[in-house]
Amino acid sequence: MNDKELVSRMQHGDMQAFDELYERYKDDAYRLACLITGSRTDGEDLAQEAFVTCAQSIKSLRDGSKFRPWLLKTLSRAAWKYCRKAKRETPVSEFFDAGESESALSAVLRTDEQRRLYAALDTLDEKRRVTVVLYYFDDCSVREIAQATGVTEGTVKSRLFSARRHLRQALTEERKPKEAANHG
């Protein structure tokens, strides 16, 4: 069953349709929230909060086929608000502590190169970070990102360009001290 049909069922009170949408998009939502906030716990809370918000206002969604961008837009706005309000950073090491139940996110971020990439990603401002996460981690198109974030496609392209330049510079600068130490 596609998103449009599930949203229509939800709008008519079928909460099993909500469960199906939740199962379909919970990993994407969790990954995005974790990468924006830098925290597993906060990411999980924000992802759940976004689903609740969407469920409560489902009748306002006119095109059910756009549920995913609508959810991600709701989530990214909540995460930006959280980050501005919290004004705190969660240590990146939180993602790499191997607990009893390792998340899919921590499995992806385990290697040294991936850790460096995440650390560089964490230096991006929230808007560029969300754009990069949606584009590279969630495989969203420029159009889908524009819909999810409420900006134009040109703004998305500009953010991607700027983020790539910033990440390249951050990763290059991080390598230089290591290379100097190895040659010294």
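Here the structure is a predicted model, which means the values were calculated and not measured.
The main-chain N or O of Lys127 is found under 3.5 Å from a side-chain atom of Thr131 such that the two form a donor-acceptor pair. Counting only distance, with no hydrogens or angles, the side chain of Thr53 and the backbone of Glu49 share a donor-acceptor pair below 3.5 Å. Of the possible polar contacts, none joining the Gln48 side chain to the Asp45 backbone as a donor-acceptor pair under 3.5 Å is found.
Rounding to the nearest 0.5 Å places CZ of Arg164 at 5.5 Å from OH of Tyr135. Taking OG1 from Thr41 and CG from Leu46, the interatomic distance works out to 11.0 Å, rounded to the nearest 0.5 Å. To the nearest 0.5 Å, atoms OG (Ser141) and CD (Glu153) are separated by 7.5 Å. One distance of note links OG1 of Thr155 with CD1 of Ile145; it measures 12.0 Å at 0.5 Å rounding. The CZ atom of Arg159 sits 10.0 Å away from the CZ atom of Arg128 when rounded to the nearest 0.5 Å. The OG atom of Ser8 lies 10.0 Å from the CG atom of Asn2; values are rounded to the nearest 0.5 Å.
For the pair Ala33 and Ala47, the tightest heavy-atom approach, listed with the atom from each and the gap, is CB-N, 4.3 Å. Taking every heavy atom of both residues into account, Leu134 and Ala148 meet most closely at CD1-CB, 4.3 Å. The minimum heavy-atom distance between Thr149 and Val130, with the atom names listed, is CG2-CG1, 4.0 Å. Residues Cys140 and Leu72 share a closest heavy-atom pair of SG-CD1, 4.3 Å.
Using a 4.5 Å heavy-atom cutoff, the side chains of Val133 and Leu121 are in contact.
Remark: of the listed residues Cys54, Ser57, Pro69, Cys54 is the sole one forming a side chain to side chain contact (heavy atoms under 4.5 Å, CB included) with Thr74.
Residue pairs satisfying the ring-ring contact (aromatic ring centres under 6.0 Å, His included) criterion with at least one member in residues 149-173, sequence neighbours excluded, are absent. The salt bridge (charged side-chain N to carboxylate O under 4.0 Å, His left out) contacts involving residues 65-77 comprise Asp28-Arg68, Asp63-Lys66, where partners must be two or more places apart or lie in separate chains.
Apart from Met10 itself, the hydrophobic cluster it occupies contains Met1, Leu6, Val7, Met15, Phe18, Leu21, Tyr22, Tyr25, Phe51, Ile58, Leu61, Phe67, Trp70, Leu71, where clustering links Ile, Leu, Val, Met, Phe, Trp and Tyr at side-chain heavy-atom distances under 4.5 Å.
The salt bridge (Lys or Arg N to Asp or Glu O under 4.0 Å) test applied to Lys26 returns Glu23, not counting sequence neighbours. In this view, Glu20 and Arg9 satisfy the salt bridge (Lys or Arg N to Asp or Glu O under 4.0 Å) rule, not counting sequence neighbours. Asp27 is linked by a salt bridge (Lys or Arg N to Asp or Glu O under 4.0 Å) to nothing, counting only residues two or more places apart in sequence or in another chain.
Taken together through direct or relayed side-chain contacts under 4.5 Å among Ile, Leu, Val, Met, Phe, Trp and Tyr, Tyr136 and Leu167 form part of one hydrophobic cluster.
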